[in-house]
Amino acid sequence: MNRHFTDARYYFRRGFEHLYAGLDEETAPLRRRLMAALGREVEDEEATAPQTRRERVEYGARRAATRSRRAAGRVRSRVRRPE
């Protein structure tokens, strides 16, 4: 595949990632109201924040592991050659 097409595909994908993140952020209040109207619990990020030092450390470890898995997945998807 030509380098120009590879670059275009990369930027196209990045554009959609940003579009998805923006739509997710903009529709968050609507989703919360919808979930409340349906009677489902809506978790507050502040309410689920770790309180003790041990909880904070465990939370940080889980978050680091999740972020590293996501980063590895993004690297894998970029390194793979198109078929």
Side-chain angles (χ1 to χ4, degrees):
M1 187 181 276
N2 190 336
R3 176 71 181 174
H4 297 290
F5 290 114
T6 304
D7 288 347
R9 193 178 82 201
Y10 167 78
Y11 288 113
F12 191 68
R13 183 177 51 214
R14 287 289 306 259
F16 271 105
E17 289 172 1
H18 285 278
L19 175 66
Y20 179 79
L23 287 173
D24 189 46
E25 184 178 327
E26 289 293 322
T27 59
L30 178 63
R31 281 195 317 267
R32 272 191 237 113
R33 281 188 292 177
L34 179 63
M35 295 299 277
L38 293 174
R40 297 185 180 177
E41 287 290 323
V42 179
E43 291 184 20
D44 284 336
E45 292 178 15
E46 298 165 2
T48 60
Q51 300 299 319
T52 65
R53 182 178 294 174
R54 180 183 180 124
E55 288 176 346
R56 286 193 298 266
V57 169
E58 290 173 350
Y59 174 77
R62 283 193 309 271
R63 187 168 181 235
T66 301
R67 291 180 70 183
S68 64
R69 280 193 297 272
R70 285 182 190 157
R74 286 192 302 265
V75 168
R76 268 190 236 106
S77 68
R78 290 180 185 169
V79 172
R80 284 189 194 140
R81 292 187 176 196
E83 296 177 19

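All values below come from the heavy atoms of this structure, side chains included, with hydrogens, waters and symmetry mates left out.
Of the options Gln51, Glu58, Arg56, a side chain to side chain contact (heavy atoms under 4.5 Å, CB included) to Arg54 is made by Glu58 and by none of the others.
Residues satisfying the salt bridge (Lys or Arg N to Asp or Glu O under 4.0 Å) test with Arg67, not counting sequence neighbours, are none. Remark: Ser77 pairs with no residue by the side-chain contact (heavy atoms from CB on, under 4.5 Å) rule, at least two apart or across chains. With sequence neighbours excluded, no residue forms a side-chain contact (heavy atoms from CB on, under 4.5 Å) with Ser68.
Hydrophobic side-chain contacts under 4.5 Å tie Leu38 into a cluster, directly or through other members, with Leu34. Other cluster members for Leu30: none, since no ILVMFWY side-chain heavy atom sits under 4.5 Å from it.
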Report, one line per pair, each donor and acceptor closer than 3.5 Å where one atom sits in a side chain of residues 16-27; sequence neighbours left out.
from  : atom 1 : to    : atom 2 : distance (Å)
His18 : NE2    : Arg14 : NH2    : 3.3
Asp24 : OD1    : Arg31 : NH1    : 3.0
Asp24 : OD1    : Arg31 : NH2    : 3.0
Thr27 : OG1    : Leu23 : O      : 2.7
Thr27 : OG1    : Arg31 : NH1    : 2.8

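With rounding to the nearest 0.5 angstrom, the CZ atom of Arg13 is 7.0 Å from the CZ atom of Arg78.
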